[in-house]
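Lettering of chains follows the sequences in order, A, B, ..., and the numbering in each one begins at 1. From a predicted model like this one, the values you see are computed outputs, not experimental measurements.
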There are 2 protein chains.
Amino acid sequence: MKAPVLSALLKEKGYKLTAQRQAILTALRHLGERASAKVIYEELCKQKPAVSLDTVYRNLRLLAEIGIVQQILLQSGAVFELTDDGRHHHHLVCVDCEKVVCISYCPESCVYTEQARLAGFAVLGHLFEVYGRCADCQQK
Amino acid sequence: MKAPVLSALLKEKGYKLTAQRQAILTALRHLGERASAKVIYEELCKQKPAVSLDTVYRNLRLLAEIGIVQQILLQSGAVFELTDDGRHHHHLVCVDCEKVVCISYCPESCVYTEQARLAGFAVLGHLFEVYGRCADCQQK
DNA sequence: TCAGTAAATAAGAATATTACTATTTAGAAA
DNA sequence: TTTCTAAATAGTAATATTCTTATTTACTGA
């Protein structure tokens, strides 16, 4: 996700482009695949401008809302990853070691859309994660 | 879900039938559809035996694991509901007012099962919730 | 460029959730 | 019934996450 795209997505919803938001994305890139809010905060503490922990949480939520990052719910807390191509995707999560593997399957179904319509809901999105045990943990 | 069934499900996994676990389920029945851990705790404070907040959280997690209750993730925190027929189901959640509506659609797909197999994962379950805006909130 | 305004931030308080530890208890077996 | 042991509990501490408020800042339009 390039800076101009971020800028456009923010503007679209009346959000502002701040140094902190850019710094959070840069940190996430440097940290690799995925990281918790706390880890991102600690990474940012090494840099300028300083970013408060609250700002990290708030912006990760906002960046998730506009689709730039995705939140993955683990037993030990949430982690975030970049949504590089702008399309959301889902994950296999190991309940023992918390390993995360991306999958391409997505429950895009006209069935639940229809059920939502009947209930009067306008669908905005969905949350889908698969829980299981990875190959390593199955052998223990 | 009747008491004998609870007993059997617990025993199956080496868990014990305690007064606290029964009390939590009873409270959830009395409270109606769904409630947060805190609300359940407060309900139980009126009764004997006393149940600590930690025990409420711990057991709601355990009861969810054995399929007797389901956790629903809201912005304001998690709520729990009884899984009356023993079959899990999913929900529409309004992002504005947090209204929850059950739906019958479930992403039981051999597609993601196959993707999990290729990644070496043994699937244990999945999390699926649909987010949107309810009829009332669309008019605001 | 400058002023105005809504949005964003930092810092700390509040809340939600989980972990730790000593004690108690349910269920199994003698 | 009594004893034994792993599991469960209560109470508290720790952590994760969100909220509140005063201040600062990004963007808009003159």
Taking only residues two or more places apart in sequence or in another chain, which ones pass salt bridge (charged side-chain N to carboxylate O under 4.0 Å, His left out) with B:Arg61?
none
DNA chain C: 5'-proximal contact among A:Thr55 and B:Arg61 (nearest heavy atom)
A:Thr55
Does OP1 or OP2 of D:dT18 have a side-chain N or O of A:Tyr57 closer than 4.0 Å?
no
Looking at residues at least two apart in the chain, or sitting in another chain, which of them share a ring-ring contact (aromatic ring centres under 6.0 Å, His included) with B:His89?
B:His91
Atom-to-atom span, CD of B:Glu98 to C1' of D:dT18 - whole angstrom:
13 Å
Taking only nitrogen or oxygen atoms into account, show me every contact under 3.5 Å that the protein makes with nucleotides 26-30 of chain D, one pair per line with its distance.
from, atom 1, to, atom 2, distance (Å)
D:dA26, O3', A:Leu17, O, 3.4
D:dA26, N3, A:Lys16, NZ, 3.1
D:dC27, OP1, A:Leu17, N, 3.0

Result for 5'-nearest mapping on DNA chain D, choosing between B:Leu62 and B:Ser76, is B:Leu62
Looking at every strand, decide which applies to B:Arg58 at a 4.0 Å heavy-atom threshold: base, sugar-phosphate, or nothing.
base
Can you tell me the distance, in whole Å, between the NZ atom of A:Lys38 and the P atom of D:dT18?
16 Å
When you list every nucleotide of DNA chain C with an atom under 4.0 Å from a heavy atom of chain A, which one comes first 5' to 3', and which comes last?
C:dA6 to C:dG12
Salt bridge (Lys or Arg N to Asp or Glu O under 4.0 Å): pairs with one or both residues in residues 101-115 of chain A, sequence neighbours excluded
A:Glu114-A:Arg117
For B:Leu6 and D:dA8, give me the distance from atom CG to atom C1', rounded to whole Å.
14 Å
Can you list the residues that meet the side-chain contact (heavy atoms from CB on, under 4.5 Å) rule with A:Thr55, with sequence neighbours excluded?
A:Gln20, A:Val51, A:Ser52, A:Arg58, A:Asn59
Honestly curious: do B:Ile72 and B:Val95 fall in one hydrophobic cluster under the side-chain, below-4.5 Å linking rule?
yes
For A:Tyr15, check side-chain hydrogen bond (donor to acceptor under 3.5 Å, both in side chains) against everything at least two apart and list the hits.
A:Glu65
In chain order, what residues pass the side-chain contact (heavy atoms from CB on, under 4.5 Å) check against B:Ser104, with sequence neighbours excluded?
A:Gln115
Can you give me the closest heavy-atom contact between B:Val93 and B:Val100, atom names plus distance?
CG2-CG2, 4.4 Å
Could you state the atom-to-atom distance from CG of B:Asn59 to C1' of D:dA10 in whole Å?
12 Å
Hits for salt bridge (charged side-chain N to carboxylate O under 4.0 Å, His left out) against B:Glu43, two or more places apart or cross-chain, chain-then-number order -> B:Lys46
Quick check on the helix from C:dT1-D:dA30 to C:dA30-D:dT1: what's the angle between its two end axes, five base pairs per end, to the nearest 10°?
40°
Under 4.0 Å between any heavy atoms, over every strand shown, what does A:Ala37 touch: base, sugar-phosphate, or nothing? Just pick one.
nothing
Spacing between A:Tyr41 atom OH and D:dT18 atom P, to the nearest angstrom
16 Å
Check the phosphate of D:dT17 against B:Gln75, side-chain N and O only, distance under 4.0 Å to OP1 or OP2. Yes or no?
no
To the nearest Å, how far apart are A:Asp54 CG and D:dT21 P?
14 Å
May I ask whether B:Val56 and B:Leu82 are part of the same hydrophobic cluster, defined by side-chain heavy atoms of I, L, V, M, F, W, Y residues being less than 4.5 angstrom apart, directly or through others?
yes
Could you state the atom-to-atom distance from CG of B:Leu60 to P of D:dA8 in whole Å?
15 Å
Please list, chain by chain and in numerical order, all residues satisfying salt bridge (charged side-chain N to carboxylate O under 4.0 Å, His left out) with A:Glu98, sequence neighbours excluded.
none
From CD of B:Glu65 across to P of D:dA8 the rounded distance in Å is 10 Å
Shared-cluster residues of B:Tyr105, by chain and number - hydrophobic side chains joined below 4.5 Å:
A:Leu92, A:Val101, A:Ile103, A:Tyr105, A:Val111, A:Tyr112, A:Phe121, A:Val123, A:Phe128, A:Val130, B:Leu92, B:Val101, B:Ile103, B:Val111, B:Tyr112, B:Phe121, B:Val123, B:Phe128, B:Val130
